[in-house]
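Nothing here was measured: the structure is a model prediction, and the numbers come from that model. A, B, ... follow the sequence lines: proteins, then strands. Residue 1 opens every chain. Only this structure's heavy atoms are used, side chains among them; waters, hydrogens and symmetry mates stay out.
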Amino acid sequence: MKGPFGLLRGTSDPGLLRPAIARAVGLGVLWLVLAGGNPVDLAPGAVAALAATWVSLQFLPPGAVSVRPASLAGFTFRFLRQSVVAGVDVARRALDPRLPLHPGLVVYQTGLPPGPSQHMFTTLMSLLPGTVPTGPAPGSGLLIHCLDVEQPITAQLAAEEALFSSAIGWKQDNG
Amino acid sequence: MRFALDALTIFAVAAGAFFFLAGTVGLLRFPDALSRVHALTKADNLGLGLIVVGLLFQTEGLLAGLKLVAVWLLALLAGAAVTQLIARIAQAGGPRV
Amino acid sequence: MADFLLGAAGFVLAMVALGLVRTLHGPSTVDRIMAAQLLGTGGTAGLLLLAQEMNLPAAVDVALILALLAAFVSIALFTDAAQSDANRG
Amino acid sequence: MAFDAVLVVSVLGVAAWTVAARDTFAAVVGFIAFGLLLALVWVRLAAPDVALTEAALGSGLTGGLLLAASTRLGRAGMTAASETPGSILRLAAVVVCAFVAAGLVALLLLLPEPAPTLATQAAANIAATGLLNPVTAVLMAFRAIDTLLEVVVLLVALLGMWSLAPDRLWGGLPRGSGLSDPDGLLTFVAQLLVPVGILVGIHIFWIGSVAPGGEFQGATILAAMWILTAVAGLVDAPATSRPWLRLLLVAGPAVFFAIGLAGFAIAGSFLAYPPSYAKLLILTIEIPVTLSIAAMLALLVAGPPEREPQR
């Protein structure tokens, strides 16, 4: 199949069916939320969801990881709480007259495989307290900019990563 | 009931506005570009989230409320993803700490 | 309630404007790209407040576009900056 | 009131800053910020249709075009600083700008009260179009000829830009992004945003018949997503000689024109629709027009062909 984008990846693999349906359902729900539940909006919604799903499958083929809903819910809850902590932390430092900052770079070794799951983790990391990932470091390291290098950053990140890994169903070699 | 919902809205929106204030103060006070990235992403995103929560008490209908949440999630995830790109330039261009 | 929401929108906008003074001033590229991010979050908050205050549901769609395009613009600015870095170095 | 004051001060401040900025990159950022603030102004004026257009086209896509232009100028060694205009030219610019500004102010002050309007007539006849959004009714029915010509102008602009390419590159590929993305972070961001953006673009297009939105706004978002995939290296910009691409570009104006001509036979004049299926005809025009505009805008940002055509 050669689409207008000049892509050659076939979409007839049976293993692709489940992630394809999952994405189509997710995008369909997003359409419902954006456009409302009016019956006349359902047909274009289906077209839009299918188009977006097709593009999504072309650009991001389903990987080996599979999302586990129960762990994901737990992770999301904790993540939201952590991002509140992050906002409060920044506000406290910004408004403190003494400006208590110890900015610096820290290298963090990740057990996540390079690629989408690692990028997803670093994306979420920039919403966690005190950390903004700034790029890859030698080996499997990630360079992290911290507002306060005196905090136990790597231990905290390791805890977050363990939760994230279990949410996306990724088994780490070193436990 | 109306009064209670309004009170919740006022509380959450005011808290959201406070975090926008904190974010801007951080933006003005923090010494280097990468630290300012922290101030912007974390404080402002929480501010937007709290304002959305506040507005949820005023919206009518589930879908209208979910739409506000969807806008917030989009701003949150898109912002967080782009933040790493910005941080990368700071890392490449700025002095190493 | 409407007065309060409009006031809150004005406050958030004032914070965005103050932040813009800092980010646009630069001089680093990173600060300037942050201007787009700042408007993406702050502008979205302002629009959502206005949508409720003016009873204008379409403003929520404007907020949606703003959130999406602020990210698009930031990526475009990033690409431009990264390219000129590569050209110089 | 306080809100409006803050808004006016910010818009004017950012505008002045953008004009005064010496650095091209800084000026483009200022312009983008100005456009996003202007979207807030339009919402405040209860004109969300214009706000959507301003945010999408005026700020997002025009910002992309300006960035592409500034990159190009930078590569050619032509920075804005190197060609400082003389004092006579500056004075002339000041005089012309002051004249235009004074003219605009005078026009606003001299407007009759109440201002002349066709809004009541448009509102009275909107039912005949089958649409609920008056702005779309004006764009697609009452003043459809303007919209048709706008799409054609956009196409002509694209052809004009393509013709800047040397003969041997005609039909070739636009410049690639040439950006190294070793660990694929940029690609990931595109993978995340593009499907959502496509959905939002179609939503904005579709909602145009009942609420603010429409084909130009929707097309701009789709174009932005296409540009994003190209920037991230997920797709290469297509060779401009590709038949599917050219078909995509002309499909919108062609269908628009064909249905316009059919208006002579079915409703008595050019671009007239019979009320019983006006909405269906408008939709038949809008879908290809949206896709064509999206392609035109994306290709305008991509630039003229700079690489050999593929054989």
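Only the side chain of C/F11 comes within less than 4.5 Å of a heavy atom of chain B; its backbone N, CA, C and O stay farther away. Contacts between C/M34 and chain B at a heavy-atom distance below 4.5 Å involve backbone atoms as well as side-chain atoms. Looking at B/L40, the atoms closer than 4.5 Å to chain C (heavy atoms on both sides) all sit in the side chain, from C-beta outward.
When every heavy atom of C/A67 is checked against every heavy atom of B/L74, the shortest pair comes out as CB-CD2, 4.2 Å. Taking every heavy atom of both residues into account, B/G65 and B/L56 meet most closely at O-CD2, 3.4 Å. Here the closest non-hydrogen pair linking C/S74 and C/Q37 is OG-OE1, 3.7 Å. Pairing each heavy atom of C/V12 with each of C/G42, the nearest pair is CG1-O, 3.8 Å.
To the nearest 0.5 Å, the span separating CG on C/L56 from CG on C/L47 amounts to 10.0 Å. We find the CD1-CD1 distance between C/I75 and C/I33 to be 11.0 Å, quoted to the nearest 0.5 Å.
Note: B/I10 leads B/I10, B/V37, B/T59, B/T83 in heavy-atom pairs under 4.5 Å with chain C. For the options C/L66, C/L68, C/L5, C/T41, heavy-atom pairs under 4.5 Å to chain B are most numerous at C/T41. For chain C, the option among B/A78, B/A14, B/A33 with the highest count of heavy-atom pairs below 4.5 Å is B/A33. Contacts with chain C were tallied for B/K67, B/R36, B/Q58; B/R36 has the most, counting heavy-atom pairs under 4.5 Å.
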Which donor-acceptor pairs under 3.5 Å do the side chains of residues 15-29 of chain B make with protein atoms, sequence neighbours left out?
residue: B/T24; atom: OG1; partner: B/F20; partner atom: O; Å: 3.2
residue: B/T24; atom: OG1; partner: C/M15; partner atom: O; Å: 3.0
residue: B/R29; atom: NH1; partner: A/A94; partner atom: O; Å: 2.6
residue: B/R29; atom: NH1; partner: A/D96; partner atom: O; Å: 2.8
residue: B/R29; atom: NH2; partner: A/D96; partner atom: O; Å: 3.4
residue: B/R29; atom: NH2; partner: A/P97; partner atom: O; Å: 2.9

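Heavy-atom neighbours of chain C within the stretch residues 43-52 of chain B, taken at a separation under 4.5 angstrom, comprise B/D44, B/N45, B/L48, B/I51, B/V52.
The shortest side-chain heavy-atom distance between C/L48 and C/V60 falls under the 4.5 Å cut-off.
A distance-only check finds no donor-acceptor pair linking the side chain of C/T23 to the backbone of C/R32 [under 3.5 Å].
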